[in-house]
Amino acid sequence: MEQAQTQKKRIFSGIQPTGNLTLGNYIGALRNFKLLEDEYDCLYSIVDLHAITVRQNPAELRKACLRTMSIFLASGLDPVKNIIYFQSQVHDHAELAWILDCYTYMGELSRMTQFKDKSQKHADNINCGLFAYPVLMAADILLYQSDLVPIGVDQKQHLELCRDVGQRFNALYGDTFVIPEGYIPKVGAKIMSLQEPEKKMSKSDPEETYVAILDKPDVIRKKIRRAVTDCENRVLFDPENRPGVSNLMSILSALTGSSMDAIAAEYDGRGYGVFKDAVADAVIAVLEPIQNEYDRIIADKAFLQQVMESGAERASQIAHKTMLKVRKKVGLAAWKL
Ligand code: TRP
């Protein structure tokens, strides 16, 4: 089986360009991506083709794509060490997705919980793309012979489908695709919603439930002050019984490196106001420099143009190799007779 050219393992991740990337995305994903860039061969795809499975305003979507790329760069990801690109600019994603559609069963896709959720939310637009969404995701991953895919639990079922379809194809045609595994980061805390701390912080939930990476300091402070806690007024880590306070402790710990014990020792008994202000200070201290960098990058069209083009170009080179193999195996028309 053809492996990645380098000895390094390859990591692939896709990010939807919709909604505001959150503090949870930063702590749980972006910040860790930076730590992977020397040890792994990483591709980060801004998945604009996935985004149009639900209606988007075209001008907004285009802006959101650039915003997402700029946030990635502003968080410190090196566009030379990593391949950062827009999915739709590498045509092979759509082509492989079509081919894999022909190796995926209706029954498998009907079982996807995200499809069930999204078709309920968008009952007026249950389109074929929404149904086949997981096949496009499988194509994203298999196209690059990816070894590892960092995903949260919500994407586990999709990764499982990707493995099934890849294995099915390999069984029919001989080894073609590397079968990927999920990647669980060594460091990384799961950050929960500020309003419903039993739920993961999500950029598709209402504004007040998350801190956006681009939220200004006064907004950050306001949101954290309003975060749900409890009436015990104790700063002690107990996610099961006191999810709100524990989530704020996780945020503080993730951003400052302090242990839960150290945080409890410092803030327990001093009231939630003092504690929440400390959390807000820590969040602002981390996000403000990223925001400054973001402002600089988003204004630098020449730089973005160059990152975008070289990302698509480098991704295409890898993708083309896989597609040549796939086309041949399936029996599609040859380029040279
Ligand atoms: N479905 C993923 C999400 O909503 C995004 C995604 C698209 C993805 N393609 C991918 C994630 C490939 C990992 C690998 O979060």
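Just follow the structure's listing: the first ligand is 1, and inside any ligand the first atom is 1. Sequential numbering from 1 along the given sequence is applied to the chain's residues.
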Inventory of protein N or O atoms under 3.5 Å from ligand 1 N or O:
residue  : atom  : partner : partner atom : Å
ligand 1 : 1 (N) : Y133    : OH           : 2.7
ligand 1 : 1 (N) : Q155    : OE1          : 2.9
ligand 1 : 4 (O) : Y133    : OH           : 3.1
ligand 1 : 4 (O) : Q155    : NE2          : 3.4
ligand 1 : 9 (N) : D140    : OD2          : 2.7

H93 and Y85 have their tightest heavy-atom pair at NE2-OH, 2.9 Å
**Asked** Of all heavy-atom pairs between A212 and N20, which one has the smallest distance, and what is that distance?
**Response**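 Looking at all heavy atoms of both residues, the closest pair is CB-CB, 3.9 Å.
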I'd like to know if D147 pairs up with R10 as an ion pair, taking the criterion as any Lys NZ or Arg NE/NH1/NH2 lying under 4.0 Å from an Asp or Glu carboxylate oxygen.
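Salt bridge absent between D147 and R10.
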Here the salt bridge (charged side-chain N to carboxylate O under 4.0 Å, His left out) pairs for residues 269-280, sequence neighbours left out, are R221-D277, R225-D277
Please determine which of F33, Y144, Y40 meets the ring pair (Phe, Tyr, Trp, His ring centres under 6.0 Å) test together with F12.
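Answer after filtering F33, Y144, Y40: Y144.
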What distance do E108 atom CD and R111 atom CZ have between them, rounded to the nearest 0.5 Å?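 Spacing of CD (E108) from CZ (R111) equals 6.0 Å.
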